[in-house]
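See below for the structure under consideration.
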Amino acid sequence: MNYESTSELVVVGAGFSGMAVAIQLLKRLRGTACVCLINRSLSFGRGLAYGTNSPSHLLNVPAGRMGIEPGHESGFIEYLQSRGMPYGASDFVPRSLYGDYLEHSLLTAQAGADEGVRLEILEDEVVAIDPVSEGGIQILRLSSGVIIKATQVVLALGNFMPRPPATGHYADWTNLPLINDVWLHGQLERLPRDASVLLIGTGLTAYDAVLRLLDQGHLGPISMLSRRGLLPQPHREQEVPPASGIVPADFLLDESSVCQQLRRVRELIRHTCASGNDWRDVIGGLRSHTPRLWHQLGVGARQQFLRHLLPYWDTHRHRAAPAIFNRIQLAIQRGQLQVLAGRLMDIDVKDANCANVRWKARGATQSMMTSYAAVVNCTGPSSDLKRVSDPLIVQLREHGMLGIDSEDLGLRVDDSYRIIRYDGHPLAVVRYVGPLLKAQFWEATAVPELRSHAVRLVDAMLGPRI
Ligand SMILES: Cc1cc2nc3c(=O)[nH]c(=O)nc-3n(C[C@H](O)[C@H](O)[C@H](O)COP(=O)(O)OP(=O)(O)OC[C@H]3O[C@@H](n4cnc5c(N)ncnc54)[C@H](O)[C@@H]3O)c2cc1C
């Protein structure tokens, strides 16, 4: 198929971010307009996060705070309750239900849109965007051969496949015993129940993998390896929004030293705990300050933070639902799950059932070799746009259309979310929303932040709401 069509507003990617933008557009456009939403597959609203079919994979934000629109945070719990599901606002709900909610929200917005406002859904992949926009028209090329002309483009490309871990020698991560894409359905399911499995990473992705293995009756030993062996902390059983006022509005104003920021946050945590609150109130209360604090740090201090503090931040900020944390702890207590602190050095694949892994325990002088039946990359989605092999990213990169940040956290956008090119100028009509905003705001990967970015992006496209 090779035809040309013209759509005014094109949203590429229908994970949470693309759906949030499309819904805002459908609600706010007046007169005659077409919103074209393109996704690689027809599983709209799923993406990596909500595409799981496992009931053990729970949201890591309480249901009462997962509404798709800022100002209507209870939207998700209302949806669940309207379907007779017995969940409360502080419950951690299976992620697959959230995908259902996003789909439902899109259909509702479509049904309520102005008469002349159309939603067009395409199952296709955008593989190129022409480097220049002519007369305000941007040309998008799809893998099917379709060419789309658009006056406004929003890229909501989401999370990219994890990068294979660095090893001394080349390791083929496309074949057993190595598994690179832990989210690809069927990968962990192929493993024999008694296989000894090494997970590279000890974060929430590794938790997902452990739960998947346990659910399928895995009996063999499972090890998780990361530099420090730190595990994501649990949420409170009844997770509540952080008590207000714990983090003052001017907290750390103008503080550009990462050591000073850390010292002051620790002080605040001590003070907060002494007065009967919880450390989570401080971490949660920092959330709205994080973009400012990140900005204040500057490049050198950010690198210091990423080198030394990242695992501590991640394990306290990106917490697990209590039920998940408890299952992980039980697996550790009964000896099936082992947490290793150390550095992966090399992998020597013997055959499809055996990899010899050389790793060095933290603080040890000598490395050691351990054999596993399978090694799974659980380092999480990649944001390193210099290495991502996604066709659209490669094309944009090769044409200098991406201003990639120096910390490999994502890309740069201007105040109206237009992507900043390599030469520092913004693309005229191509905007971005999604986890790659982390480069600019640091705190930008979860629903509570992304829904606000989606609204601000649409404000920039259409003008603010009156
Ligand atoms: C495993 C996991 C669990 C998470 N759990 C939570 C949680 O519980 N709570 C929370 O708040 N956040 C969670 N997050 C954070 C998550 O990043 C956001 O909540 C959100 O899902 C990001 O949505 P997105 O649309 O930006 O990206 P994605 O969900 O990755 O969606 C991007 C979509 O774009 C499509 N796409 C990409 N490129 C193209 C192209 N060229 N052409 C066409 N289609 C394309 C992809 O196929 C995909 O469907 C989780 C993240 C992960 C990875």
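Numbering of ligands and ligand atoms starts at 1, following listing order. If you're wondering where the values come from, they're calculated on a predicted model, not measured in any experiment.
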Requested in this report: Go through Leu58 and Arg95 one step at a time and tell me if the side chain to side chain contact (heavy atoms under 4.5 Å, CB included) criterion holds.
Outcome: CA-CA 5 Å; Leu58 305 179; Arg95 299 207 298 260; 5.5 Å; no
Requested in this report: Could you walk me through whether Asp130 and Arg141 pass the salt bridge (charged side-chain N to carboxylate O under 4.0 Å, His left out) test, one step at a time?
Outcome: CA-CA 8 Å; Asp130 283 7; Arg141 296 176 191 278; 2.9 Å; yes
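In terms of protein heavy-atom proximity, atom 9 (N) of ligand 1 is nearest to Asn60 OD1, 3.1 Å. In terms of protein heavy-atom proximity, atom 44 (N) of ligand 1 is nearest to Arg40 N, 3.2 Å. Nearest non-hydrogen protein atom to atom 35 (C) of ligand 1 is Asn39 OD1, 3.1 Å. Protein heavy atom in closest approach to atom 42 (N) of ligand 1: Val126 N, 3.0 Å. The protein heavy atom nearest to atom 28 (P) of ligand 1 is Gly158 CA, 3.8 Å. Protein heavy atom closest to atom 37 (C) of ligand 1, with residue, atom name and distance, is Leu157 O, 3.3 Å. What sits closest to atom 34 (O) of ligand 1 on the protein, heavy atoms only, is Gly13 CA, 3.1 Å. Among protein heavy atoms, atom 31 (O) of ligand 1 sits closest to Gly15 CA, 3.3 Å.
In the vicinity of Asp124, heavy-atom distances shorter than 4.0 Å reach the ligand 1 atoms 43 (C). The Glu125 neighbourhood of ligand 1 comprises atoms 40 (C), 41 (N), 42 (N), 43 (C), with distances under 4.0 Å to a heavy atom of that residue. For ligand 1 and Leu59, the ligand atoms under 4.0 Å from any heavy atom of the residue are 8 (O).
The heavy atom nearest to atom 5 (N) of ligand 1, out of those in His57, Arg95, Met19, is found in Arg95. Summarising the contacts of atom 19 (O) of ligand 1 with Phe16, Phe44, Tyr50, the nearest heavy atom is found in Tyr50. Of the candidates Pro435, Ala49, Pro448, Pro162, it is Ala49 that places a heavy atom closest to atom 52 (C) of ligand 1. Here the shortest heavy-atom distance to atom 25 (O) of ligand 1, taken over Ser41, Gly99, Ser17, belongs to Ser17. If you check each of Gly47, Ala321, Ala14, Ala446 against atom 29 (O) of ligand 1, the one with the closest non-hydrogen atom is Gly47. Among Thr205, Leu58, Asp208, Thr445, the residue whose heavy atom lies closest to atom 15 (C) of ligand 1 is Thr445.
Of the possible donor and acceptor atoms, one in the side chain of Asp91 sits under 3.5 Å from a partner among the backbone N and O of Gly88.
Within the 4.0 Å heavy-atom cutoff, Leu155 does not count among the residues contacting ligand 1. Residue contact annotation: Tyr98 has no non-hydrogen atom under 4.0 Å from ligand 1.
The aromatic rings of Tyr101 and Tyr79 lie tilted to each other, with the angle between the two planes from 30° to 60°.
Counting heavy atoms under 4.0 Å from ligand 1, residue Val433 does not touch it at all.
At a 3.5 angstrom cut-off on N or O pairs, Pro381 does not count as close to ligand 1. By the 3.5 Å distance cut-off applied to N or O atoms, Val12 is not counted among the residues near ligand 1. The distance criterion of under 3.5 Å between nitrogen or oxygen atoms is met by Val447 with respect to ligand 1. Of the polar atoms of Trp183, none of the N or O atoms is found under 3.5 Å from an N or O of ligand 1, judged by distance alone.
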